[in-house]
Amino acid sequence: MKLWGGRFEAQTDELMEQFNASIGFDWRMYDADIGGSVAYAKGLARAGLITPSEAETLIDGLEKVRQEFAAGEFEIRLSDEDIHTAVERRLYELVGSVAGKLHTGRSRNDQVATDMRLYTRAALGRVLAALTNVQAALLSQADAHRDVLMPGYTHVQRAQPVLFSHWLMSSFWALQRDRERLTEALARVNVLPLGSGALAGNALGVDRAFLAEELGFATVSPNSMDAVGDRDFVAETLFAAAMVGLHLSRLGEDLVMYSSAEFGFVTLDEAYATGSSLMPQKLNPDSMELVRGKAGRLVGNLVSVLTLLKGLPSTYDKDLQEDKEPLFDSLDTLHLTLPVVAGVIRTLRIHPERMAAALDDGMLATDLADYLVRQGVPFRESHGVVGRLVRAAQAQGVPLRDLPLDAYHEADQRFGPDVYTVFDMRQSVARRDSIGGTAPSAVALQLQQARALLNQG
Ligand code: ARG
């Protein structure tokens, strides 16, 4: 059974049949496809195009098909070109010729656009929940290790002391933006294309507002030509997914480094690590390496779809069939990745003593410059003075705090004996108490805001 066989005399080439078929991957939209058809059958009855009892027959039949899919009992045939054909074919087998009324005024063009939106909407709901779980894991670890000091890095060089909780929360906020982005994308996904026909609209009086209500769409697409050709929502979803991937990969990279013997700041739980087949001692952070790796395919899927859309003539073109595998793959990838990241964070062991051991006086050079600033020295000048002190300490092979007061005086008259009070990591951190800073008071505020956001859901 071909949905378009009528005007054809010759058989489709066998290879072409395979090449053309999307059932191998679009069967996954069965629930959306059947849900859309149930609503459409009701719409046809409302418009008087089928009788209420015909609608009932169609809907009962469709629900049977849905059950067969859900139970894994649906038998896909070689001739089932796509999910739309497969469902209609099976409906014929179950309810007979009335099945032929279901597609009245409908095209696979508005049908597939509807299926994709329904599928994406459901999948994004799950992704958002999983993302929130990762945020909750970050928040609870930050809460449990509020006051642990660690070296903060720029260029992977020791920069300034920060709170470990501050570092953890830096990922929380990135994921919060991702959650907002996905929620905003969801609003543009949630628009009904059904009733647009092949491209020009529905000629048979189907009430699209009714269809939207039945399917839970917030609005109805305002232009049928745009509705069947629009895949912005796919590209947008893929971008938001890729951004999640990038954020997780950066977190992953930090954890790979921090769990190495050189850093030793954290240990990944054995449940999220693997070993080496050759070196018995190894405990590798494969979970976070894979998270880093998955970001590549998320970016790749976005680029695939953007490239697919570029220069396409308006409305539906068969190229659009290629939108599905990248979309499914990115959603699957997040579905798999996010719970792993949540697990890694929740089970992470923290080594505050290793973090403390990696703090050196050089990381307080800015604080030393700030000391002079408080004596009225312009910062540019104090930066230079401290730079020379750092050089002197290095030349003598001693930490800054071991330079004698003479050396400080020589560098600048305005250094007093109280200069040594600068060498306190906790004080340094506590001074950075402006909004968004690493001071315990500022981090407490962050945690409070974060908690409120998670409670909002
Ligand atoms: N399998 C097709 C797709 O994924 C369904 C729409 C087919 N429409 C058409 N005019 N051939 O895009």
Side-chain angles (χ1 to χ4, degrees), residues 1-8 10-13 15-37 40 62 65 69 74 76-91 100 102-123 189 191-203 215 221 223-235 237-238 301 304-332:
M1 183 191 108
K2 281 197 164 68
L3 299 180
W4 40 268
R7 66 95 61 222
F8 282 77
Q11 286 273 322
T12 312
D13 176 87
L15 255 183
M16 173 58 192
E17 195 105 47
Q18 281 177 33
F19 189 58
N20 189 45
S22 52
I23 188 69
F25 45 88
D26 69 11
W27 68 268
R28 296 179 52 167
M29 303 194 299
Y30 77 84
D31 195 54
D33 194 76
I34 292 168
S37 285
Y40 199 68
L62 285 165
V65 181
F69 266 109
F74 188 97
I76 291 171
R77 302 246 177 93
L78 270 175
S79 55
D80 290 337
E81 180 181 325
D82 51 29
I83 183 63
H84 328 297
T85 312
V87 170
E88 199 174 318
R89 186 264 303 161
R90 184 67 187 131
L91 189 62
L102 178 62
H103 212 55
T104 307
R106 188 172 67 172
S107 158
R108 282 181 296 164
N109 299 353
D110 56 346
Q111 190 177 2
V112 75
T114 306
D115 291 9
M116 291 276 288
R117 285 172 183 272
L118 289 171
Y119 182 93
T120 306
R121 189 176 72 186
V189 168
V191 178
L192 173 91
L194 195 60
S196 295
L199 79 162
N202 187 291
L215 293 169
S221 63
N223 181 304
S224 59
M225 296 178 84
D226 178 41
V228 296
D230 169 24
R231 294 295 183 275
D232 300 9
F233 71 96
V234 175
T237 299
L238 291 177
N301 289 335
S304 278
V305 166
L306 289 176
T307 311
L308 173 70
L309 297 177
K310 187 207 165 287
L312 265 196
S314 58
T315 85
Y316 182 81
D317 303 274
K318 193 58 173 270
D319 316 44
L320 291 177
Q321 180 162 291
E322 293 291 317
D323 62 353
K324 286 167 202 61
E325 286 165 292
L327 177 69
F328 296 165
D329 184 70
S330 283
L331 292 168
D332 290 349

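Remember, it's 1-based here, ligands and their atoms both numbered in the order they're listed. Quick caveat, the model's predicted, so the values are computed rather than measured.
- Relative to the ring axis of Phe233, Arg117 places its NZ or CZ within 45° and under 6.0 Å from the centre.
- Ligand 1 places these atoms under 4.0 Å from at least one heavy atom of Asp82: 1 (N), 5 (C).
- Counting only heavy atoms of the protein, atom 3 (C) of ligand 1 lies nearest to Tyr316 OH, 3.2 Å.
- Contact annotation: for Lys324 versus ligand 1, heavy atoms closer than 4.0 Å belong to the side chain alone.
- Using cut-offs of 30° and 60° for the angle between ring planes, the Trp4 and Phe8 rings count as perpendicular.
- Closest to atom 11 (N) of ligand 1, if we only count protein heavy atoms, is Arg108 NH2, 3.6 Å.
- Interatomic distance, CD1 of Ile83 versus CD1 of Ile76, reported as 6.5 Å (0.5 Å rounding).
- Note that the CG atom of Leu102 and the OG atom of Ser37 stand 4.5 Å from one another [nearest 0.5 Å].
- Residue, atom and distance of the protein heavy atom nearest to atom 1 (N) of ligand 1 are Gln321 OE1, 2.7 Å.
- In this structure, atom 8 (N) of ligand 1 lies nearest to the protein heavy atom Asn109 OD1, 3.0 Å.
- In this structure, the side chain of Asp80 engages the main chain of Arg77 through a donor-acceptor pair within 3.5 Å.
- At a heavy-atom cutoff of 4.0 Å, ligand 1 is contacted by no atom of Glu81, backbone or side chain.
- Residue His84 has at least one heavy-atom neighbour below 4.0 Å for each of these atoms of ligand 1: 5 (C).
- Between Phe69 and Phe74, the two ring planes are parallel [angle under 30°; tilted spans 30° to 60°].
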